[in-house]
There are 2 protein chains.
Amino acid sequence: MVTAVTNTEPRRRNRRGEGGKLRDEIIAAALALLDEGGDERAVTLRSVARKAGIAAPSIYAHFADQPSIMLAVVQQEMDTLTAALREANDNADPDARTRLFAVGNAYLDFAQVHPQRYRIMFGGLWTPSVDDTSITDADLDSLGVAAFTLLVEVLGACIEEGIAHGSDDLYGDAVALWLGLHGLAHQRAVVRKMPGPADVGDRLIRALAHLK
Amino acid sequence: MVTAVTNTEPRRRNRRGEGGKLRDEIIAAALALLDEGGDERAVTLRSVARKAGIAAPSIYAHFADQPSIMLAVVQQEMDTLTAALREANDNADPDARTRLFAVGNAYLDFAQVHPQRYRIMFGGLWTPSVDDTSITDADLDSLGVAAFTLLVEVLGACIEEGIAHGSDDLYGDAVALWLGLHGLAHQRAVVRKMPGPADVGDRLIRALAHLK
DNA sequence: GACATAAGCTAACGCCCGTAAGTCTAGAAG
DNA sequence: CTTCTAGACTTACGGGCGTTAGCTTATGTC
């Protein structure tokens with residue numbers, strides 16, 4: 001993770017061959033703007049440039065257009081999320097039930113700690129217009145695959161260990177489980193205060209994983 | 001529902017005492033812009049005015065600012081959604097299980113048929129900034145209460161009829177059920193094509209209502 | 001030390017936005 | 001027929017946006 005740039009002195013130009021560093025700084029600046037709590041509309045090409053301490057057109061050396069910046073942020077944060085889920089999985093007791101709750105709660109925590117990030121990752125707003133040529137469908141389809149795969153594995157382990165009675169369709173079960181998690185995560189990322197019981201996350205996991 | 005205005009002749013001024021009609025036409029124009037498929041950013045004060053065939057400043061006679069238009073649209077569509085759920089409930093066979101699936105699927109259908117509307121209703125994007133004085137927290141809190149109440153009733157009927165084993169917390173169970181529905185509905189409203197099995201909606205309902 | 005070039009800048013264009021201030025006019029009231 | 005006013009309109013300001021075109025200046029190489 002690149003440390004956020006907070007508009008200090010005029011900014012030292014990068015050395016030759018290190019121009020690519022600015023790319024990471026631009027992403028970090030966009031992320032910082034997001035985390036500052038305004039909504040995603042505050043992340044404009046110009047505001048990102050200001051935050052990074054560069055002139056707006058300098059961005060074009062690294063990104064084709066404004067949606068491309070958002071895509072890069074989303075891709076990076078998907079990796080961050082995946083890493084968080086993996087860490088939760090690895091640090092938990094090795095039994096499948098514990099791992100399932102650990103991964104599920106890590107997912108929910110991410111949305112609660114970084115609501116703005118979660119919204120651009122899954123809220124669909126920044127999605128480029130259909131005639132955008134700089135972002136392909138493949139870019140969009142590949143988002144979040146790694147994180148979802150981990151969920152499939154853990155849910156599969158629950159069924160293998162006999163603590164959940166799955167159907168014949170593990171993938172479908174995992175989709176349903178993720179949708180439930182997403183519903184809560186998204187709501188937490190959107191609403192000022194989420195009503196409902198505190199343990200609603202665990203309830204969702206129990207019900208959708210069909211734990212015995 | 002007011003029929004959409006498509007910028008015909010210069011527009012006849014409303015009669016005296018009927019100035020309020022324009023308010024409905026403004027809401028209809030905003031809804032039409034939304035349904036045209038662009039994202040919610042396309043619904044600006046000026047674009048709404050163009051769509052309604054009026055001058056931009058004329059809106060200020062009826063709405064304090066741009067977020068207030070969105071709030072009115074959301075409030076109206078929440079009523080539309082509630083009506084759709086009620087209709088599904090009333091037209092279904094009177095047994096609780098059938099009604100539960102009818103209401104749940106009506107909810108999911110709304111999101112699929114009107115993805116843009118669903119996104120502004122639950123996507124949280126249009127939410128005014130904290131220092132906005134024209135929209136109160138009470139306005140936001142009261143949104144969707146009627147629709148949710150119906151869900152609580154139907155789920156309660158399932159438990160009463162003994163086809164679902166609820167916990168001691170009906171309200172919490174209903175929240176969990178709604179969150180699952182919302183997860184799927186939102187994803188359908190956001191993504192170009194939703195992966196996963198076709199019956200994932202029914203699976204969510206079965207699992208989260210704890211149907212026997 | 002000259003010079004080639006990567007890295008980033010300045011200036012500017014055209015567009016759309018929200019909103020304020022003041023003006024016109026059709027139709028109801030007398 | 002006049003008068004009044006609700007229900008609009010015109011004009012304008014200031015600002016932010018994405019993006020293009022062309023220029024500057026450090027940095028590494030010879």
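Proteins come first, then strands; the chains are lettered A, B, ... in the order of their sequence lines, and each starts at number 1. In this text, all values refer to a predicted model and were calculated from it rather than measured experimentally.
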Next item on the list: Kindly point out which of C:dG8, D:dT19, C:dT19 is positioned nearest to the side chain of A:H62?
Entry: C:dG8
Note to self: Looking only at the side chain of A:S47 (C-beta and beyond, no hydrogens), which of the listed nucleotides D:dT11, D:dC17, C:dC17 gets closest?
What the structure shows: D:dC17
Margin query: Just N and O in the side chain of A:R23: are any of them under 4.0 Å from OP1 or OP2 of C:dA7?
Written below: no
Check: A:R41 has an atom CZ; how far is it from atom C1' of D:dG18, in whole Å?
Finding: 18 Å
Check: When you measure from the side chain of A:I54, which nucleotide among C:dC9, D:dT20, D:dT10 comes out closest?
Finding: C:dC9
Next item on the list: Identify, with sequence neighbours excluded, every residue that meets salt bridge (charged side-chain N to carboxylate O under 4.0 Å, His left out) alongside B:D141.
Entry: none
Next item on the list: By nearest nucleotide on DNA chain D, pick out whichever of A:T44 and A:P57 is the more 5' one.
Entry: A:T44
Next item on the list: Ignoring the backbone of A:R46, work out which of D:dA21, D:dC17, D:dC9 is nearest its side chain.
Entry: D:dC17
Item checked: Shortest side-chain distance from A:Y60, nucleotide among D:dC17, C:dT19, D:dG18 -> D:dG18
Notebook entry, point to check: Picking from D:dT19, C:dG18, D:dA8, which would you name as closest to the side chain of A:L45?
Noted result: D:dT19
Margin query: Suppose we screen for salt bridge (charged side-chain N to carboxylate O under 4.0 Å, His left out). Which residues come up paired with A:D109, at least two apart in sequence or across chains?
Written below: none
Next item on the list: For B:I59 and C:dA20, give me the distance from atom CD1 to atom C1', rounded to whole Å.
Entry: 15 Å
Note to self: Aromatic contact between B:Y118 and B:H114, with the criterion being ring centroids under 6.0 Å apart: yes or no?
What the structure shows: no
Next item on the list: Indicate yes or no: does B:D173 engage A:R203 in a salt bridge with an N to O separation below 4.0 Å.
Entry: yes
Item checked: Atom-pair distance (CE on B:M70; C1' on C:dG18), nearest Å -> 15 Å
Next item on the list: Mind calculating the distance between CG (A:L22) and C1' (C:dG8) to the nearest angstrom?
Entry: 8 Å
Item checked: Sugar-phosphate, base or nothing in reach of B:S58, heavy atoms under 4.0 Å -> base
